[in-house]
Every structure is written in structure tokens, then in C-alpha cells.
Number of protein chains: 2
Amino acid sequence: MSLHLSAFGKLSEAERNLIETVLKKRVRVLPARYDVVREGDESRVVHVVLDGWAQRYKQLADGRRQILTFFVAGDLCDPNVFVPRTMDHSISTITPVRLAEIPKPDFREMIQASPNIAQALWWISLVTVAIQREWTTSIGQRTAYERIAHLFCEMFVRLRTVGLTQGAACDFPLTQSDIAEATGLTQVHVNRTIQEMRRDGLVELRHRQLVLPDLDRLMSVALFSASYLHLDHIDKPMLA
Amino acid sequence: MSLHLSAFGKLSEAERNLIETVLKKRVRVLPARYDVVREGDESRVVHVVLDGWAQRYKQLADGRRQILTFFVAGDLCDPNVFVPRTMDHSISTITPVRLAEIPKPDFREMIQASPNIAQALWWISLVTVAIQREWTTSIGQRTAYERIAHLFCEMFVRLRTVGLTQGAACDFPLTQSDIAEATGLTQVHVNRTIQEMRRDGLVELRHRQLVLPDLDRLMSVALFSASYLHLDHIDKPMLA
DNA sequence: ATGCAGCATTTACATGCGTTAATGCACGCT
DNA sequence: AGCGTGCATTAACGCATGTAAATGCTGCAT
């Protein structure tokens, strides 16, 4: 998993088991469209998505909303284990989600027990901020068409990393409104643009299933380069 | 300094001295508009801006450029001390810059010697990514006017934190093209918009000097809330 | 003094994307 | 079967922002 602890570096069997144990200790099952943490909350636990999709978002005083990233299985939502901080953003589910909650003290203990796991946490922080930079770039510089294409590429590659693609297809539970809020566009324009992508034979999207018949061409249209995901160095995908 | 090591937590005299020593060990003076590290480079040292302005940016394959953040005195440019990674973005100066270079091994040593410094590094990572999220939100949701106003607010507050403001004024070496590349606008539209802000009495900007006669009103227009900078918990500003 | 060089400003015009609102479609509930 | 509810689609129109290119200004180098 792109942001999964176990995915980075070479962890021992014992370390993997430790992680699995901690992940299984406290698991919640949440409904779709459910707030996990809200801006302003104190952050006391670390969340890891075990199953389903979630999102990080920010809301302006007048209600405008920006989705900042999507989380899929294996993703660690808040890498700030060492800094007791009030949240400057919110996290909510998109689909129903199976979510592991790790109390920060447990997490710190785990890290003190294993420098490798500490290193893995730094990795996750690195990738998290790299993704955020790419989103800034996307919204700032890419056209609507390129932005949406880029989002499709990123999510497809991330899903593939954790084995959640089937050939050129994957589950894709985002509504066009979600895509709009993530790309800084309106829902109407997302609709127009996706239709154009369909006409161009780059995308099939219906019933929450995404098919990318020509990923290479899509990547090139989106000016997508996977390097910011830092997928090299990733160990075998392993899901909890 | 918003991203200065010494600024977070309560460090002992000895710890502060340690930081100062490491910062002074290798200092370079760079000209304006000079590349410090380029996308694709290996990252071997940690950079700290001692004086002047710099920027982080990303470039698309066809040359479009997005500025991702600005660095001012005290800012640590690359918090990824523990992850040997090729850079997914570039860093360059804006003005002439006095820059400290800390070899990663030295930095790790310093961290092992002091848990407080390790904690400070986590703080910096937190603020760095929080700023990046705010920029994504800004470009995605705010209008041109709000975006530019927000940038002015952020930089003014950050400069004030390190004592680089004089009343309502501060040095502000960005060209309108820089502002355009940071906000995802064109230089022409930045010019139009700043003129509007001048007419509204919110901004005076000329000869690289910025004056914000009514910061409160500007913040409210920009929907600016400083919470994402996590300035509480910051110690007394201290510059090297 | 002159002249270049880098920025800022202005103008005229084009367009990508936003806004509003109606309509359609599919699925789940009763 | 019928209805309600979320989403997707379509349409008409407007505007914020982009594009292109000329002009002006200011400071610096010679």
C-alpha cells in the first residue's frame, strides 16, 4: 500500500506481526459519508484505512470545500504521531470503511521498539506531502481535462500497488461531485470533461467502475509521472 | 521562525547551541534566481535558509511551472532527513540567499542526541504539509483576489513570526510573475488584481516593499485563518 | 548620458469554466 | 408497481481569467 507502514523498507517477520497486531486491536466499521475527525478536533489516535475509500478535506468559512486527498486500503491518514495538534482539516469516509484506530502512545511504543518502523513512518510522511504537492501543481497548472486524467492515473496506480485493480479496471466510488471538489472544478464541468474523455476512448466510467483502456496514453495526456509516489523501495503489497 | 528547528518546543541552552553550531558549519551564499537542487537530484544535505527568500517549485514536462511554497529566513527546506530520496521538485533562490547545508548524517546525529530536536523536526514536517494543503485549497477554491490576498497574509504572518516585519510593512521581493506562478494565475491577471486591491486600500506594493494597512480586513477578505501555521507552541523567534 | 534589461502596466480580444436550473436515469424502499 | 432520492446529463448564458502584444518605467552597467 502506498501509505502502508508495512510497505516500506525491509521489515522483519516480527515487525510485521507487531504492526498487524496493533492494527487489529481497535477496528471500527463506519458507514459511507461519515465524519471521522473534524477540523478543530484534537488528534488522539492514528487512523489507518483497512477497507473502502475515505478523504481528507478542508472547508472555507463560507462553505467552499476542497478535497485534499483520497485514502484507500492501507493508507495511514495522519502521520503526525509525535505532535499533539488540533486538526487543521477534516477526514470523512466516502464508502463504508473498515478503519483501524491506533492510540498515539501505542504507536510511539511500536516506533521505539523498531527503528525500521520509525523509518517507515518517515516514508509515509514523505509520500503524503509529495502527493499534496502534486495536487497543488495539478490544480494550479493543468487544464480540467488534464486534472481529471491525472487524478484517474494517480488513483489507478495507487490501487494497483495494493492489488485493487483487475486488468485495466478498478472500483471507483467517487461521484462526479467528489471529483469536482478534488480538482477545483464544478460538477457540471467534470461531467462535460469526462464525456470528452469517453469520446476520446481514454476512460470508461459507470456504476462506480473505472476502466482505463490505454493507461499509457492517459498518463501522457495527464502529464503524469509516477515518480512523486516514490513507489520504488516499496515492499510487496500487504493488506491487513 | 515558522520552520526553524529552534522555534519549537522548549529546547535547552545546550540544544540551541548544538543547532547553531551545525547551522554555521557549512554556509553558502547564493545569487538570486539560482537553482539549489533540481528535480531528480539525490538529496544528500538538508538546507536551511538563513537569509533571503527561496522557493520550492515543480515543472511539468511542457514547461508549465508551479511554485509550491516560499522559504524565508529560518525555514528548513527539506525535512526528509531519514529517507534517501531523489527530489520530486526543485528549490531555487529568489533573492540572494545565505544558506546552511547540513549533511544528513550530521543531522541524524543531532537528532539522536536530542529527542527534543527530533520532535522539532516532526513539527516542521507537520507545518510544511499543512501549508501545502492550504495552498491546494487556495488554488482550488479561492478567487484570484482571495488567493493573492491569502498569500500576502501568509507571508506577512510568517515574516512577523521571525521579526522581519516593520509595523504593517515588510520586504517582499516577489515579482508579479512569481505571484502568478504561485497562485496558478497569469502575470497579467495578477497585475489587474493587485491594482484592485490597491484601490480597495488593502495593499501597497512597490519597490519590493509590501504594506498591509488593514491586516484584519485583508485576512477576512482572504478567508485567512492562521491556525494551519500552528504558530502557538512556537518559542521566541531566533535567527541564526 | 545612453541603453539595455527586467518588471509593471495597459489594451483588445478570446475562451474555459462557472452558474442556474431543468430533465433524465437507476436503484432501493415500501 | 410506484415513488423518492441521489447522481448524471443537458442547455443557455455569463464572467473570471487567459492570450498576445505593445508601451512604460526604473535602475544599473558602461
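We name chains A, B, ... by the order of the sequence lines, and we start the count at 1 in each one. Heavy-atom basis, side chains included; hydrogens, waters and symmetry copies ignored. Only a predicted model underlies this, so the values are computations on that prediction, with no experimental measurement involved.
In this structure, B:Q209 atom CD and D:dG27 atom P are separated by 14 Å, rounded to whole Å. D:dC25 atom P lies 13 Å from atom NE2 of B:H207, rounded to whole Å. Nucleotide D:dA8 holds its P atom 11 Å from the CZ atom of A:F172, rounded to whole Å. Between B:R142 atom CZ and C:dG18 atom P there is a gap of 17 Å when expressed in whole angstrom units. We find that CD of A:E146 is positioned 14 Å from C1' of C:dC17, with the value rounded to whole Å. Straight-line distance from the CD1 atom of B:I179 to the P atom of C:dA8: 8 Å, rounded to whole Å. The CD atom of A:Q195 sits 10 Å away from the P atom of D:dA11 (whole-angstrom rounding). Atom CG of A:L185 and atom C1' of C:dC17 are 8 Å apart (whole Å).
For C:dA8, neither phosphate oxygen OP1 nor OP2 lies less than 4.0 angstrom from any side-chain nitrogen or oxygen of B:N191. Between A:Q176 and the phosphate of D:dT9, there is a side-chain N or O to OP1/OP2 separation shorter than 4.0 Å.
When heavy atoms are screened at a 4.0 angstrom cut-off, A:I194 is found touching no nucleic acid atom at all. B:T186 comes within 4.0 angstrom of a nucleotide base, judged by non-hydrogen atoms across all strands. Nucleic acid contact for B:R198: sugar-phosphate only, since backbone atoms but no base atoms lie under 4.0 Å from a heavy atom of the residue. Nucleic acid contact for A:R208: sugar-phosphate only, since backbone atoms but no base atoms lie under 4.0 Å from a heavy atom of the residue. Within the 4.0 angstrom heavy-atom criterion, no nucleotide atom of any strand lies near A:T193.
The salt bridge (Lys or Arg N to Asp or Glu O under 4.0 Å) with B:E101 is formed by just one residue from the set B:R28, B:K25, B:K24; it is B:R28.
B:R142 places a side-chain N or O within 3.5 Å of a backbone atom of B:L223 that can act as its donor or acceptor partner.
Annotation: side chain of A:L212 is in contact with side chain of A:V203 (closest heavy-atom distance under 4.5 Å).
Proximity of the aromatic rings of B:F224 and B:F152 is defined here by a centroid distance below 6.0 angstrom, and this criterion is not met.
Comparing B:V188 and A:Q187 by the nucleotide of DNA chain C that holds the closest heavy atom to each, the one mapping nearer the 5' end is B:V188.
Between the side chains of A:H150 and A:R147, no donor N or O sits under 3.5 Å from an acceptor N or O.
For C:dG18, its base sits under 3.5 Å from the side chain of A:R192 at one donor and acceptor pair at least.
Taking only side-chain atoms of B:H189, from C-beta outward, the nucleotide of C:dC17, D:dG18, C:dA8 with the closest atom is D:dG18.
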